[in-house]
Amino acid sequence: MLRVDLGNISPECVGPNGVAWTSSLTSYAQRLEAARDEILTRKSDPGAFLGWIDLPEDTETLRQVRRYREAQPWVEDLVVLGIGGSALGAQAVGAALGKGPVRLHFVDNVEPEPVLELLRSLNPEKTLVNVISKSGTTAETMAAFLVFRRWLERAENWQQHVVVTTDPSRGILRPYAAAEGLTAFDIPPSVGGRFSVLSPVGTLPLAFAGVDLENLLAGARKANEQARSEAARNLPAQTALVHHLFAQKGLNIVVLMPYSTRLRYLPDWFVQLHDESLGKLYNREGKEVRTGTTAVRAIGTTDQHAQVQLFREGPHDKLVVFVRLENPSEDLEIPAVKGLEGLDYLFGRTFFELLTAEAKATAHALAKAHQPNYTLLLERLDAYHLGWLLQHLMWQTAYLGELWNINAFDQPGVELGKEYTYALMGRKGYEKLAEELRAEGVG
Ligand SMILES: O=P(O)(O)OC[C@H]1O[C@H](O)[C@H](O)[C@@H](O)[C@@H]1O
């Protein structure tokens with residue numbers, strides 16, 4: 001079960017917000033249900049990039065991924081070469097649910113030292129390289145692939161040590177995979193990178209990490225069911241409305257703070273999903289609006305000893321979203337120790353009891369400081385509930401895009417930096433831009 005505790009979002013931020021919230025939801029119900037209908041209508045257009053909604057139903061691709069994994073029993077290390085949406089989803093779910101024995105590694109940057117250290121630690125004969133790029137051209141991923149492709153010369157049959165995940169037709173990787181006889185999986189054209197975790201972008205690495213993919217998709221189907229229902233039962237529409245109401249009040253920061261070390265990469269995935277989807281210069285009519293709220297990463301309990309100082313005493317410019325587990329998969333009792341009787345409030349208690357108390361205490365302490373916050377409650381951390389949470393957050397993002405009348409599924413703002421990179425690297429066709437940069441003192 002995934003449920004939400006909205007007790008701390010009342011204007012006074014203390015105590016249940018029974019009246020104000022219910023009246024907000026009632027007054028927005030029609031608009032939210034119209035947004036739902038608009039999303040479901042647009043879904044049939046591949047250019048709307050709403051294919052992520054149907055990924056949880058695609059059991060055939062899951063079977064292909066599963067078959068491929070079972071045919072590679074020799075893999076000890078899987079290296080994902082990918083960045084942004086091509087890495088963050090698998091990294092978040094792998095950290096939360098991966099149970100080995102295959103070790104997952106992510107090369108999602110071009111700082112040389114960590115990549116050299118990784119290369120020196122790997123045995124080419126036992127390593128599978130999964131190069132993932134929707135565009136099939138991203139500089140960081142392509143640079144990493146050139147290095148690993150050369151490194152794999154040491155392997156008996158290098159083609160067996162590479163699997164490609166890319167667009168069915170676009171980009172440099174697809175023809176290369178065909179020419180070299182490499183196994184390749186598709187990123188559906190209708191699925192954008194930051195929404196692709198339940199496509200082979202995420203499921204292939206996660207199959208090697210031992211994640212229960214069937215239940216990951218089953219949980220995502222539960223989120224789809226909720227997102228298709230009327231406002232009173234539509235959890236993603238409701239949390240989107242909370243974000244919308246507080247953004248309207250000028251709270252332009254959203255903190256995602258899971259009380260779980262295993263969920264430590266969830267905020268990284270959410271930052272890309274939220275910021276890249278909702279930070280937009282123009283609305284759907286081409287009017288300049290410059291929308292967006294800024295997602296901030298935090299982890300409980302760790303950030304109680306850091307950022308919570310700002311959350312309690314800093315500006316009232318943020319909405320804090322906690323993620324809390326209701327049941328541990330196992331627990332750890334805290335023993336009594338002679339001579340440390342000053343800690344007897346801990347004797348015989350458990351880590352999970354302390355984690356839960358700290359989460360509840362922090363949420364209430366923020367509410368007392370009139371810092372609005374709500375908690376997403378997962379019955380437990382397993383594939384079903386994490387799949388449900390991921391799809392819930394994707395739907396929440398889609399609903400916010402509708403409420404703000406923007407295209408949440410493109411990312412025009414990242415293109416100029418890439419073109420400047422090509423110019424600075426001397427790529428053919430970017431000579432004029434390189435000259436402009438030199439004239440502006442960048443070179
Ligand atoms: O998967 P790729 O095409 O390599 O793109 C990787 C990432 O970089 C792009 O520039 C976009 O900002 C992201 O939305 C995307 O996830």
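We number each residue from 1, following the sequence as shown. For ligands, and for the atoms within them, numbers begin at 1 and follow the listed sequence.
Taking every heavy atom of Lys418 and a limit of under 4.0 angstrom, the matching atoms of ligand 1 come to 9 (C), 10 (O). The atoms of ligand 1 that sit less than 4.0 Å from any heavy atom of Ser135 are 2 (P), 3 (O), 4 (O). Numbered from 1 in the order shown, with element, the atoms of ligand 1 that lie under 4.0 Å from a heavy atom of Val414 read 10 (O), 12 (O).
The shortest heavy-atom contact between Leu122 and Pro124 is O-CD, 3.7 Å. Residues Ala408 and Leu278 share a closest heavy-atom pair of CB-CD2, 4.5 Å.
Ligand 1 has a nitrogen or oxygen under 3.5 angstrom from a nitrogen or oxygen of Glu276. Checking only distances, Gly84 never comes within under 3.5 Å of ligand 1, N or O to N or O. The distance criterion of under 3.5 Å between nitrogen or oxygen atoms is met by Lys134 with respect to ligand 1.
Shortest contact from atom 15 (C) of ligand 1 to any protein heavy atom: Gln272 NE2, 3.9 Å. Here the protein heavy atom with the shortest distance to atom 4 (O) of ligand 1 is Thr138 OG1, 2.5 Å. Scanning all protein heavy atoms for the shortest distance to atom 16 (O) of ligand 1 gives Gly85 N, 2.8 Å. Atom 6 (C) of ligand 1 has its closest protein heavy atom at Ile83 O, 3.3 Å. For atom 1 (O) of ligand 1, the nearest protein heavy atom (residue, atom name, distance) is Ser86 OG, 2.6 Å.
To the nearest 0.5 Å, the span separating OG on Ser86 from CD1 on Ile187 amounts to 5.0 Å.
Not close to ligand 1: Glu415, with no non-hydrogen atom less than 4.0 angstrom away.
Leu25 has its side chain within reach of Leu241: a pair of non-hydrogen atoms, C-beta onward, lies under 4.5 Å apart. Proximity of Val164 to Phe185: side-chain heavy atoms (C-beta onward) are nowhere separated by under 4.5 Å.
Cation-pi geometry between Arg194 and Trp269 is not met at under 6.0 angstrom from the ring centre and within 45 degrees of the axis.
Among the candidates Trp52, Trp395, Phe49, the single residue satisfying the ring pair (Phe, Tyr, Trp, His ring centres under 6.0 Å) test with Phe195 is Trp52. Tested against Leu78 for a side-chain contact (heavy atoms from CB on, under 4.5 Å), the candidates Thr127, Leu104, Val129 yield a single pass: Leu104.
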